[in-house]
Number of protein chains: 2
Amino acid sequence: MSSRLTVDARRAQLLELGLRLFSTRAYDDVSIDEIAREAGISKGLLYHYFGGKKAFYVAVVALAAGHLLQAVAPSVNLPRPERARIGLAAYFDFVEARAPAFSALMRGGLGVDPEVGGIVDRTRRAIVAMILDGAGLAEPRPAFRVAARAWVGAVEAASLDWLEHRDVPREELISLLVAGLGGMLAQAAMLDPEAGASLDLSALAGLWSGKALTP
Amino acid sequence: MSSRLTVDARRAQLLELGLRLFSTRAYDDVSIDEIAREAGISKGLLYHYFGGKKAFYVAVVALAAGHLLQAVAPSVNLPRPERARIGLAAYFDFVEARAPAFSALMRGGLGVDPEVGGIVDRTRRAIVAMILDGAGLAEPRPAFRVAARAWVGAVEAASLDWLEHRDVPREELISLLVAGLGGMLAQAAMLDPEAGASLDLSALAGLWSGKALTP
DNA sequence: CTCCTTGTTGAACTCTATTCAACGAAAGCC
DNA sequence: GGCTTTCGTTGAATAGAGTTCAACAAGGAG
């Protein structure tokens, strides 16, 4: 019933559809039959392109992760002091523009397949590397790694809250998160002075954009 | 084949088993047959106690959430300045002692059933209320709500990292997170001075346990 | 026009969740 | 003690979703 497409076009069509379906509904609620019906193809074709339902879902999540990385990537070309703020702004731009893909990535079933957890994890690491490496934290010591990882958790949680309520201006949200990052990095530098010495303190000080934070 | 038990005993047995199974393996990977076999009962009995597989999973997640809340609850009786640190310590005690239950709650499939998301959400709110309400933030304004929500995200992310690596002392991890909380709350108070005025600044100052944070 | 590659199909199959009518072990009654 | 009632428990039957595979046909190559 469906016209003959090239491999790439068909894959792209199916992935786009998967993104649309899985970002609003749960993994179990979307059946293979429904995907095939909406795409105008037979079930068998989905198995021809992806090995099965789980593999298809993993591919969709990987696509969403790629979109997110692509959105945040440009920030690496910016001067260091601005990197965190601009990177965060790009992050929220993406969250706003492609809310479905973001939801698919974050709320998406971590329990569906172990591979999904790996994708989310790698994406987090890549993002934290892009946003933070300007502070001289290429190979982070444990305290800095945990701080960075925790901060990414804060950013994700804030994003989901922001999508739900939308009652805080984006700029204020960024200031909040950057202040939290500053607090944690400063504390990490205190806990591990040796590694903290290599921390670019001017970049750290620039995090909160000139507004005084100290009580 | 199985001896006749009271309703409560059987429910408890099955929930405990579910906690053990679902904390290490994905929802789809655990079949009803396996649950029944390990419990020494027939499949039908599981349907008699819980309405189905999803409902059973939801009950398991709810149990894990209850355990977590119970573990953090004692902190509400403590003096305010210490509350955040002690609450966090209790939180990590639980994470350490009942890692499976914690994983089931956090890594657990949010995509399995909408109800699961609700449970996790309510648990987060309850925890943030218990740990933070000492700072006079009963009905948080948006900026404070987002800050609190983001901070919980940071705590969860740090917990998972901690379980995985175990290369940062618990006390240091707590200091890191508390510093992050302090940074965000201070910034929130600046963004919303009206609400910030009601913030217990002495409690806030006490967050980072006397160690200076300012650069 | 014919052949050949390969995107595509759909019916058959398997595996797992779900249902339900019947069983039997404890509790209550005479 | 025997009888009845209750209800925890069973397992075979059913339903529905994921998976497989042999065959089909659209489009290009010669």
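Just so you know, these numbers use all the heavy atoms, side chains as well, and skip hydrogens, waters and symmetry mates. All of these numbers come straight from a predicted model, not from anything done at the bench. Below, chain A is the first sequence line, B the second, and so on; all start at residue 1.
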Exercise. Among residues 21-35 of chain A, which residues get a heavy atom nearer than 4.0 Å to DNA chain C?
Worked result: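 Correct list: empty, so none.
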Donor-acceptor contacts under 3.5 Å from residues 121-128 of chain B side chains, at least two apart:
{"from": "B/Asp121", "atom 1": "OD2", "to": "B/Arg125", "atom 2": "NH2", "distance (Å)": "2.8"}
{"from": "B/Thr123", "atom 1": "OG1", "to": "B/Ile119", "atom 2": "O", "distance (Å)": "2.7"}
{"from": "B/Arg124", "atom 1": "NE", "to": "B/Glu156", "atom 2": "OE1", "distance (Å)": "3.3"}
{"from": "B/Arg124", "atom 1": "NE", "to": "B/Glu156", "atom 2": "OE2", "distance (Å)": "2.8"}
{"from": "B/Arg124", "atom 1": "NH2", "to": "B/Glu156", "atom 2": "OE1", "distance (Å)": "2.9"}

Spacing of [X] atom [atom1] relative to [N] atom [atom2], expressed in whole Å:
{"X": "A/Arg37", "N": "C/dG10", "atom1": "CZ", "atom2": "P", "value": "14 Å"}
{"X": "B/Phe56", "N": "C/dA17", "atom1": "CZ", "atom2": "C1'", "value": "14 Å"}
{"X": "A/Leu5", "N": "C/dT6", "atom1": "CG", "atom2": "P", "value": "16 Å"}

Exercise. Checking A/Arg166 against A/Trp162: charged group under 6.0 Å from the ring centre and within 45 degrees of the axis?
Worked result: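 Relative to the ring axis of A/Trp162, which defines the angle, A/Arg166 lies inside both limits.
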Exercise. Which of these nucleotides, D/dG11, C/dT9, D/dT6, is closest to any side-chain atom of A/Ser42?
Worked result: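 In terms of side-chain proximity for A/Ser42, the closest of D/dG11, C/dT9, D/dT6 is C/dT9.
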Exercise. Using a cut-off of less than 4.0 Å, is there contact between a side-chain N or O of A/Arg10 and OP1 or OP2 of C/dT8?
Worked result: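 Yes.
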Problem set entry | Heavy-atom closest pair, residues A/Ala71 and A/Ala90 |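 Nearest pair, atom of A/Ala71 first, then A/Ala90: O-CB, 3.7 Å.
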For this session: Give the minimum heavy-atom separation between B/Ala39 and B/Gln13, together with the two atoms involved.
Result: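 Heavy-atom minimum between the residues: O-NE2, 3.3 Å.
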Exercise. So does B/Glu38 pair up with B/Arg20, basic N to acidic O under 4.0 Å?
Worked result: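 The answer is yes: the pair qualifies as a salt bridge.
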Exercise. Among residues 44-55 of chain A, which contact DNA chain D at a heavy-atom distance under 4.0 Å?
Worked result: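 Output list: A/Tyr47, A/Gly52, A/Lys53.
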Problem set entry | Modelled atom types, side-chain donor and acceptor of A/Ser175 and A/Arg85, under 3.5 Å |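 A donor-acceptor contact under 3.5 Å links the two side chains.
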Exercise. Tell me, do A/Gln187 and B/Val178 make a side-chain contact under 4.5 Å, heavy atoms counted?
Worked result: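 Heavy-atom side-chain distance check fails, nothing below 4.5 Å.
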For this session: Specify whether A/Tyr27 and A/Phe22 have parallel, tilted or perpendicular ring planes, treating 30° as the upper limit for parallel and 60° as the lower limit for perpendicular.
Result: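 Rings of A/Tyr27 and A/Phe22: parallel, as their planes differ by under 30°.
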